[in-house]
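Only a predicted model underlies this, so the values are computations on that prediction, with no experimental measurement involved. We count residues from 1, following the sequence as given.
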Amino acid sequence: RVEETDRAALARPLFRDLREMASSLKCASRRGLAERFDTSIGAGSVLMPFGGRPQRTPAQAMAALLPVLPGEETAACSVMAWGFDPDRTSADPYAGAKDSVIVSVAKIVAAGADYKKAYLTLQEFFERLRDDPVRWGKPFAALLGALDAQLDLGIAAIGGKYSMSGSFNDLDVPPTLISFAIAPAEAGDVLSPEFKKADHPVYRFAPRDGSAGSLKRCWEGFHALCRAGKVEAAWAEEHGAGEAVMNMSFGNRVGFRASGTGVDWYLPCPGAIIAELKEEINEPDAVCIGFTTEEPVVTTGGDSVSIDKLLALNEAVLEGVYPNRAPVDGMAPVLEAASVARTAPKLGIAKPKVLIPVFPGTNCEYDSARAVLRAGLDAETMVLNNQSAQGVADSVDRFVRAAGESQIIFLPGGFSAGDEPDGSGKFITAFFRSAAVTEAVTRLLRDRDGLMLGICNGFQALIKLGLIPFGDIRETDA
């Protein structure tokens, strides 16, 4: 049974003005949280999490090159985005889940992908159902909403995960159906969302009658403009057009001034896209809502606020939870390191060989090997087996032999041993502290003028081993 709830709030604007919107938890900056993760891992990133010169416009989608073998290159990438609003899904699980699908697809369309090539995966999380018909009705209604959206758009969900255990005593999670949309694209066609330049027209692409057919025509017209190279930046609406132009302005401090249109800036329109174009157009599903400006101010109707003020309000919301800036007591310490004389290796090798060990959790061996080959060196990747004691022993023997034939050992990045607490690089250091491996590394560095290189987890391992800064393997408190 679907519970009767008051859905009137879904049809009302979310905010009264720009300041209230920028200060809301719903629109708050998540930069302090995002920067706790290494977003530069690997060499395949097409979009960084925040765009623009000061990196302040949040990306709505992730885009990454498809992995290929070392020595090969590709411009093919995947574009992925999510959609979910807990308030809308709590008020109406059916409509909220349907909007989740629509918003997730709109985000990849705004990033330059073709919705006709998209697939979905759904993540569902609901309270314990027990014997309550109302509780059973929530996932049932949400799945119907997601299915209706899939049928409307002609997009299939190819997998997902669900849980009905979101209860603790009298606490329940809100009805949750997160839609993830993914589609292929070419890296050169991917769009970032920050405004690029002043004096460009800004258009809103939105369905005229609320039908699925109108929404698809809207996306198709937008994608055609993307293919023609006429779109500079785009943002898929989540909490209204006002949030879109605010976030788009942050990246390059390019302002926005609305033109005389009847846009309700704070009323959500799932599926709508705000786009900065290079020139004015005449499209049936696109309305010019304003222009970008040199002045760093966002103006919507009679409301006008500087970008700096909006950004300060936006980043202050979660500053006490996920700080954007680390507190500094007094003067920041100045770190010094004694310089070391660098000389050419005693042993000349026409084409040095680089040994790249692959540990459990390593995921950058292809990128590392590709960088080595580009530098004109030989690369050998060696997968280390830790599935049994004998497998580890055999891996040690293989590594020692390969190290004796190499001039460089390159420790690649990834998530060693799952990056459990205090675990970054832990398995790597344990392997290198075995007597045979320590001896092989010492011979390479001291007797044969070899080198060691580490990145990400590999760099952490170099520190934990004492190779940085001491130059040899020793006990440390790192």
Side-chain angles (χ1 to χ4, degrees), residues 30 34 37-52 55 57-68 73-85 99-123 146 149-150 152-160 177-196 205 215-216 218-238 244 247-248 251 270-277 363 366-367:
R30 273 72 167 173
F37 299 88
D38 185 359
T39 54
S40 61
I41 181 98
S45 296
V46 177
L47 285 178
M48 293 300 288
F50 294 87
Q55 297 189 13
T57 293
Q60 289 190 297
M62 65 147 285
L65 297 174
L66 300 181
V68 294
E73 302 287 344
T74 184
C77 71
S78 61
V79 180
M80 189 173 187
W82 61 273
F84 173 61
D85 185 326
D99 289 347
S100 293
V101 172
I102 292 171
V103 169
S104 68
V105 178
K107 286 180 178 179
I108 64 171
V109 173
D114 184 351
Y115 84 90
K116 296 178 182 178
K117 299 179 180 179
Y119 287 92
L120 304 172
T121 183
L122 307 178
Q123 172 75 56
Q150 292 175 72
D152 285 345
L153 301 177
I155 300 175
I158 59 175
L177 190 148
I178 306 172
S179 172
F180 294 89
I182 187 168
E186 291 292 307
D189 296 334
V190 174
L191 294 168
S192 60
E194 69 278 0
F195 285 144
K196 302 300 191 298
F205 294 78
L215 177 61
K216 290 188 286 187
C218 168
W219 286 348
E220 289 162 7
F222 173 80
H223 188 65
L225 292 170
C226 291
R227 300 289 294 173
K230 295 182 179 181
V231 183
E232 288 276 34
W235 181 280
E237 286 189 28
E238 292 184 89
N247 277 304
M248 295 175 81
I273 294 174
I274 303 297
E276 173 195 1
L277 303 186
N363 60 15
Y366 281 9
D367 295 335

(Q) If you compare all heavy atoms of Ala43 against all heavy atoms of Asp367, which two are closest, and at what distance to 0.1 Å? (A) N-OD2, 2.9 Å
Q) If you round to the nearest 0.5 Å, how far is OG1 of Thr74 from CG of Leu65? A) 7.0 Å
Q.
Any non-hydrogen side-chain atom of Asp85 less than 4.5 Å from a side-chain atom of Ser100?
A. no
**Q.** From Lys116 atom NZ to His223 atom NE2, the distance as rounded to the nearest 0.5 Å
**A.** 9.0 Å
Q | Asp189 side chain to Gly112 backbone, donor-acceptor under 3.5 Å | A | no
Q) Does a side-chain heavy-atom distance below 4.5 Å link Val190 with Cys77? A) yes
Q. Can you name the nearest heavy-atom pair linking Ala234 to Ala110, along with the distance?
A. CB-O, 3.4 Å
Q) Step by step, would you call Ser104 with Ser179 a side-chain hydrogen bond (donor to acceptor under 3.5 Å, both in side chains)? A) CA-CA 6 Å; Ser104 68; Ser179 172; 2.9 Å; yes
Q) So do the side chains of Asn247 and Pro58 get within less than 4.5 Å of each other, counting heavy atoms only? A) yes
**Q.** Test item: Ser78 and Leu66 side chains (from C-beta on) under 4.5 Å apart, heavy atoms
**A.** yes
Q | Exercise: identify the closest heavy-atom pair between Ala106 and Ile273 | A | O-CD1, 3.9 Å
Q) Leu120 versus Val105: any side-chain heavy-atom pair under 4.5 Å? A) yes
Q. Given the side-chain rings of Tyr115 and Trp219, with only the six-membered ring counted for Trp, is the space between their centroids under 6.0 Å?
A. yes
Q. Is the backbone N or O of Glu232 less than 3.5 Å from a side-chain atom of Lys196, with the two atoms forming a donor-acceptor pair by type?
A. yes
Q | CD1-CD1 distance between Ile155 and Ile102, expressed to the nearest 0.5 angstrom | A | 10.0 Å
**Q.** From CD1 (Ile108) to CD1 (Ile182), nearest 0.5 Å
**A.** 8.5 Å
Q.
Salt bridge check, Asp114 against Arg227: does any charged N sit closer than 4.0 Å to a carboxylate O?
A. no
Q) Is Tyr366 atom OH crowded by more than 12 heavy atoms from other residues, nucleotides or ligands, each under 6.0 Å away? A) no
Q) Under 4.5 Å between any side-chain heavy atoms of Gln60 and Glu238, yes or no? A) yes
(Q) Would Met248 and Ile274 count as a side chain to side chain contact (heavy atoms under 4.5 Å, CB included) here? Give the steps. (A) CA-CA 9 Å; Met248 295 175 81; Ile274 303 297; 4.1 Å; yes
Q: Could you pull out the closest heavy-atom pair between Lys107 and Ala61, with the gap in Å?
A: O-CB, 4.5 Å
Q: Please examine the side chains of Leu153 and Leu215, heavy atoms only from C-beta on, and report whether any two atoms are closer than 4.5 Å.
A: yes
Q) Which distance, rounded to the nearest 0.5 Å, do you find between the CZ of Phe222 and the CG of Leu191? A) 5.5 Å
Q. If you measure from CH2 on Trp82 to CE on Met62, what distance do you get to the nearest 0.5 Å?
A. 15.0 Å
Q | Minimum-distance pair of heavy atoms, taken over all atoms of Gly51 and Glu194 | A | CA-OE1, 3.6 Å
Q) Which heavy atom of Cys218 sits nearest a heavy atom of Phe205, and at what distance? A) SG-C, 3.3 Å
Q. Would you call Leu122 and Gln150 a side-chain contact if the rule is heavy atoms closer than 4.5 Å?
A. yes
